[in-house]
Amino acid sequence: PLLKGGKLWGGLCIHQCSSPRNWSENEIEFVTQIAHHFDVALQQVEYIEQVQHQAKQLALIDERHKENQRNQILFEMVNRIRQSLDLQTIFDTATEEVRQFLNSDRVVVYRFNPDWSGYFVAESVSSEWELLIDKIPTIADTCLQETNGGRFRQGELLAIEDIYKAEYSDCQIRLLEQFHARAYIVVPILQG
C-alpha cells in the first residue's frame, strides 16, 4: 500500500504474468522498501503542495499590500496636486515618489516641442546615475521628428522590456543609450 497523509493513496503492484511465482522474502522486503520510498515521496509532494499554497497566499497578501501602497501614493499625489498650483513642485514630487515606489533608476517628465524635439521638465534619479535634466538641455529625437511624434501623438502607452530586443532603428537605440535606458515605460501626457 502507498499512504499519503496517513490515508491509503494507492498501491505498488508487481505482476508475474508468464507463470506462478513464489516470492522470496528478499523480494517482498525489496518491494516494501520501494513502497516506503514512495510513501516518503508522497509526503514530500504533499509538503511542497502546502508550501506552494502558502506561497500563493503570501503572494496574494503581498499583492494586496502593494496595491494598497499604490492607492495610497496615488491618493497622496492627487491631494498634493489639488493643494498646489505650482506645476514644477507637482512634477518633482511625482517623479520622486514614483521612482521610489517602483524602485526604478530614473523617472522623468518630458515636454515635447512643436517640432517633436523636447526637454526634461522634472527628473528623479537613483544615486548610481547622474541627473540628465541639466546635462542635456534639448533632445533632438530625429525619429520622432520624422514620424511627427509617432505613437506618442496618439497617446499610446509604450512599455519596452529590452531596447535591444525591440525593433528600433539605430537612431532610437543611440538616443536611449544616451539616457542609459535599457527598459522603459512611456505614458504620454495629452493636453486638452
Side-chain angles (χ1 to χ4, degrees), residues 44-113 116-139 141 143-144 147 149-169 172-192:
Q44 288 176 325
V45 167
E46 184 176 25
Y47 175 73
I48 289 170
E49 288 171 351
Q50 289 173 355
V51 169
Q52 287 174 338
H53 178 73
Q54 290 172 347
K56 285 179 185 176
Q57 294 301 318
L58 289 173
L60 285 173
I61 291 169
D62 187 50
E63 187 57 36
R64 285 187 199 126
H65 178 69
K66 286 180 182 178
E67 185 176 335
N68 287 341
Q69 282 183 309
R70 282 191 294 265
N71 289 338
Q72 183 65 33
I73 288 171
L74 187 58
F75 176 77
E76 290 173 7
M77 285 174 38
V78 167
N79 277 342
R80 285 195 192 103
I81 289 170
R82 288 181 180 159
Q83 294 171 4
S84 177
L85 296 176
D86 179 35
L87 199 54
Q88 189 63 49
T89 301
I90 293 168
F91 287 155
D92 289 342
T93 301
T95 55
E96 179 65 21
E97 288 183 5
V98 168
R99 185 187 61 76
Q100 287 183 12
F101 179 74
L102 294 178
N103 194 28
S104 62
D105 295 322
R106 185 185 316 274
V107 173
V108 300
V109 174
Y110 181 81
R111 175 83 192 262
F112 289 111
N113 293 321
W116 297 103
S117 64
Y119 56 95
F120 294 124
V121 174
E123 177 181 26
S124 174
V125 62
S126 62
S127 61
E128 303 88 53
W129 300 97
E130 62 183 329
L131 285 167
L132 298 176
I133 196 164
D134 296 325
K135 185 177 179 184
I136 306 173
T138 302
I139 300 163
D141 186 339
C143 298
L144 281 179
T147 61
R151 301 158 78 171
F152 299 129
R153 188 179 63 227
Q154 311 307 324
E156 186 177 332
L157 181 138
L158 189 61
I160 301 297
E161 294 179 9
D162 186 342
I163 65 169
Y164 299 108
K165 292 182 180 175
E167 294 179 9
Y168 278 152
S169 63
Q172 289 170 309
I173 295 289
R174 281 193 305 275
L175 181 66
L176 292 166
E177 285 176 338
Q178 184 179 355
F179 308 134
H180 307 286
R182 282 292 310 255
Y184 65 94
I185 298 174
V186 176
V187 181
I189 302 170
L190 303 176
Q191 184 175 356

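Remember, predicted model here, so these are calculated numbers, not experimental data.
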Check the angle between the aromatic planes of Trp129 and His180 and answer parallel, tilted or perpendicular using the 30° and 60° thresholds.
tilted
Would a distance-only check, ignoring hydrogens and angles, find a side-chain to backbone donor-acceptor pair under 3.5 Å from Thr95 to Asp92?
yes
Which heavy atom of Gln88 sits nearest to which heavy atom of Ala122, and what is that distance?
NE2-CB, 3.8 Å
Atom of Ile173, atom of Ile163 and distance for their closest heavy-atom approach
CD1-O, 3.3 Å
Answer yes if the ring centres of Phe179 and Tyr110 are under 6.0 angstrom apart, and no otherwise.
no
Indicate the atoms forming the closest heavy-atom contact of Ser104 with Ser126, along with that distance.
O-CB, 4.4 Å
What's the verdict on side chain to side chain contact (heavy atoms under 4.5 Å, CB included) for Glu123 and Val107, showing C-alpha distance, side-chain angles and the deciding distance?
CA-CA 6 Å; Glu123 177 181 26; Val107 173; over 6 Å; no
How long is the span from the CD1 atom in Ile139 to the CH2 atom in Trp116, to the nearest 0.5 Å?
14.5 Å
If every non-hydrogen atom of Ala166 is compared with every non-hydrogen atom of Ile160, which pair is closest and at what distance?
CB-CG2, 4.1 Å
Check this for me: Gln57, atom CD, are more than 12 non-hydrogen atoms of other residues, nucleotides or ligands nearer than 6.0 Å?
yes
Starting at NE2 of His65, measure out to CG of Leu58 and round the result to the nearest 0.5 Å.
13.0 Å
Verify the distance criterion only: is there a donor paired with an acceptor across the side chains of Gln54 and Gln50 at less than 3.5 Å?
no
Val121 and Arg111 have their tightest heavy-atom pair at CG2-CB, 3.4 Å
For the atom pair CG (Asp134) and CZ (Phe120), what is the distance rounded to the nearest 0.5 Å?
11.0 Å
Can you tell me if Arg106 uses its side chain to pair, donor with acceptor, with the backbone of Glu130 under 3.5 Å?
yes
Approximate separation, where rounding is to 0.5 Å, of Glu161 CD and Arg182 CZ
12.0 Å
Would Arg70 and Glu63 count as a salt bridge (Lys or Arg N to Asp or Glu O under 4.0 Å) if you check the C-alpha gap in whole Å, the side-chain angles of each, and the deciding distance to 0.1 Å?
CA-CA 10 Å; Arg70 282 191 294 265; Glu63 187 57 36; 3.1 Å; yes
Rounded to the nearest 0.5 Å, what's the gap from CG on Asn68 to CD1 on Ile73? Could you check?
11.0 Å
